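These notes are about the structure you will find just below.
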Amino acid sequence: MRQALFGLIRKEFIQVFRDRNMLRLIFLMPIIQLLLFGYVVNIDVKDIDLDVYDFDRSSESRELVQATSANNYFTPHDTVIALRNLEDNFQNSSSDMAIIIPHDFSEKLMRKESPTIALISDGSNANSTAIGTGYMAQIVQSFTKGYYWVEPPLKIRFDVLYNPEAESVYYMVPGIVATLLTMITVMLTSMAIVREREVGTLEQLLVTPIKGRVLLIGKLIPFAILGLLEIVIALTAGVLWFQVPFVGSPILLFALAGLYLITPLGIGLFFSNVTSTQQQAMFFAWFFSVFAILTSGFFTPISNMPMWMQYITYLNPMRYFMEIVRAIMMKGATLPDLTFQVGVLIFYGISIFSLSALRFSKRTA
Amino acid sequence: MSHAVEINKLSRHFGSFKAVDEISLTVSHGEIFGFLGANGAGKTTAIRMLCGLLLPTGGNGTVAGCDIMKEPEKIKTKIGYMSQKFSLYGELTGRENINFYGSVYGMNKREISSRIDELTEKLQLQDLLHRQSHSLPVGWRQRLALAVALLHQPKIIFLDEPTGGVDPIFRRKFWSTLYDLGEEGITIFVTTHYMDEAEYCGRISIMHQGKIVEMGKPFDLVARHKAENLEQMFIGLINERGSSGA
């Protein structure tokens with residue numbers, strides 16, 4: 001039955017490569033997604049517009065303002081407008097934060113009396129507010145060091161491992177790899193099988209002596225190969241264009257991607273079992289992708305979700321693969337570090353795939 | 001094996017619905033057998049059982065010497081099948097379609113290409129081998145589908161409305177090809193809605209509500225029912241019976 005298997009795989013590739021739309025989907029989707037997520041979904045906080053209300057106008061207050069502009073975290077705007085107009089700039093979005101330095105700032109500083117400054121921020125952008133406030137605390141802490149002879153009793157040293165500049169694209173590329181692999185395999189698998197049913201070629205195949213399992217494997221292998229090709233495209237583009245570091249072993253990543261693939265292939269197969277048109281299959285695949293992406297921790301950390309939702313994320317196989325890709329690419333994790341995730345993926349792969357395969361052979365027999 | 005197809009009281013029930021209800025027939029080697037009946041009479045279900053796609057719920061029989069109940073997979077190696085709907089791959093050229101089905105039947109490259117040469121001569125395939133099959137006219141597609149059905153040199157071919165939507169000139173040519181195949185000893189089991197085509201068959205059966213209600217040589221049947229032609233006989237028979245069950 002080797003001829004039949006190779007025949008099926010060759011046929012499937014001819015079909016894919018003669019279909020212009022399919023080609024666009026396969027080769028442009030990873031690039032476009034990468035560019036979109038790399039540039040649009042940018043969660044780094046830089047160049048925060050900071051309105052400065054300096055009532056002291058001393059060399060000390062100027063020094064503090066100067067310090068905020070270091071590292072490009074803030075862009076300070078010296079304002080001469082009255083304090084009561086502060087909110088106007090938030091409302092027309094010309095500033096994100098405001099700092100108020102009282103007139104006795106330098107005086108108290110000289111007398112070592114702890115002056116108070118006010119930091120007011122626009123909470124409608126919760127993410128940049130939280131991060132900006134953190135930056136400001138660090139800047140003020142290091143500023144005060146120069147004026148007090150005694151070190152503060154408690155000191156925090158900030159250290160971010162693996163991604164010290166907190167570049168969001170470093171975080172996004174592994175997410176895109178996991179997402180693409182999932183979407184492409186679920187979508188292409190379910191549609192390719194349903195299409196054969198819709199067009200009638202499945203019936204023609206079933207009157208031939210082809211074995212059910214040969215048919216199944218021959219239908220799935222091409223999409224597994226295409227899925228892995230997607231990863232290569234996305235990773236190459238990510239490393240070359242966005243210069244995302246790849247710390248761990250690419251071979252381990254590919255091996256585990258191969259293991260993970262069994263699950264989305266099984267899910268695609270399941271969708272092809274329960275639908276009878278390509279449109280229905282597409283809709284199922286789309287709905288699944290949205291669920292998988294949102295509960296995978298791609299955009300929002302799972303630990304931020306309510307507890308019951310966190311339990312639901314355990315049902316999402318992509319969640320574990322997302323952890324694997326991030327751990328290998330960013331932290332250089334090795335197989336022993338990933339025992340739990342690999343174990344879960346083996347479990348999901350075997351159970352989902354064998355259930356779908358069983359149903360497939362029942363329906364085609 | 002004395003007959004190409006030999007079935008005895010074959011039935012297929014879906015719940016309480018008797019799609020096929022105890023049909024019996026025999027078809028000799030090299031015979032062109034017309035399997036007639038109105039839409040919904042149970043022809044497709046019967047053909048699916050004969051091709052090993054569906055297990056009967058009752059009765060027994062053999063196709064190409066293989067037991068329908070016990071060896072449906074073995075039947076598949078010995079028969080060819082062509083359906084009313086063009087069911088080959090549109091993106092593939094004629095040759096690629098044939099190559100693909102050849103590989104599915106376990107043929108190697110050399111066997112396939114020598115078979116393509118034979119079939120090209122017999123069915124005039126030369127113009128369709130290099131074109132993607134979705135761009136082919138309907139008549140050409142049917143020729144390609146017939147080539148695929150004959151690829152592995154089956155002894156019996158099942159044709160389910162092979163000439164639907166095809167012009168009369170092509171139909172005439174198609175039937176003359178079938179005659180040639182019959183001469184070679186290939187058994188042809190064909191369904192059709194065209195009564196002129198039914199006249200070309202050696203024998204026909206007429207199915208109604210899951211049962212075979214009439215069987216014989218076309219002109220014997222016309223004479224037996226004192227009808228003017230096959231079409232009148234067919235309509236008369238269906239109308240007469242129709243009231244009893246429906």
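On a predicted model such as this, the values are computed, not experimentally measured, just so you know. To find a chain, count down the sequence lines: A is the first, B the second, and so on, and within it residues start at 1.
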Any salt bridge linking [X] with [Y]? Criterion: basic side-chain nitrogen under 4.0 Å from a carboxylate oxygen.
X: A/K11; Y: A/E196; result: yes
X: B/E96; Y: A/R18; result: yes
X: B/R48; Y: A/E203; result: yes

Contact class of B/F100 relative to chain A, heavy atoms under 4.5 angstrom: side chain
Sort B/F158 into side chain, backbone, both or neither according to what part of it lies under 4.5 angstrom from a heavy atom of chain A. neither
Would you indicate whether the side-chain heavy atoms of A/F17 and A/M22 approach each other to under 4.5 Å? no
Residue pair B/E197 / B/T163, side-chain donor-acceptor N/O under 3.5 Å: yes
Would you confirm whether A/R197, through its side chain, and A/S272, through its main-chain N or O, come within 3.5 Å as a donor-acceptor pair? yes
Could you tell me which of B/S103, B/A149, B/C51 has the largest number of non-hydrogen atom pairs under 4.5 Å with chain A? B/S103
Heavy atoms only, distances under 4.5 angstrom: which of B/S87, B/G80, B/G102 has the most pairs with chain A? Name it, please. B/S87
If you draw the axis of the six-membered ring of B/F33, does the NZ or CZ of B/R203 fall within 45° of it and under 6.0 Å from the ring centre? no
Sort by residue number and list every residue of residues 105-123 of chain B having at least one heavy atom under 4.5 Å from chain A. B/Y105, B/G106, B/M107, B/N108
So which part of A/E198 gets closer than 4.5 Å to some heavy atom of chain B, the side chain, the backbone, both or neither? backbone
Would you mind writing out the side-chain donor-acceptor pairs for residues 1-10 of chain A within the sub-3.5 Å range, not counting sequence neighbours?
none

Within a 6.0 Å radius of atom CZ on A/F283, are there more than 12 heavy atoms belonging to other residues, nucleotides or ligands? no
Note: vs chain B, highest number of non-hydrogen pairs under 4.5 angstrom among A/I210, A/V207, A/L205 is A/V207
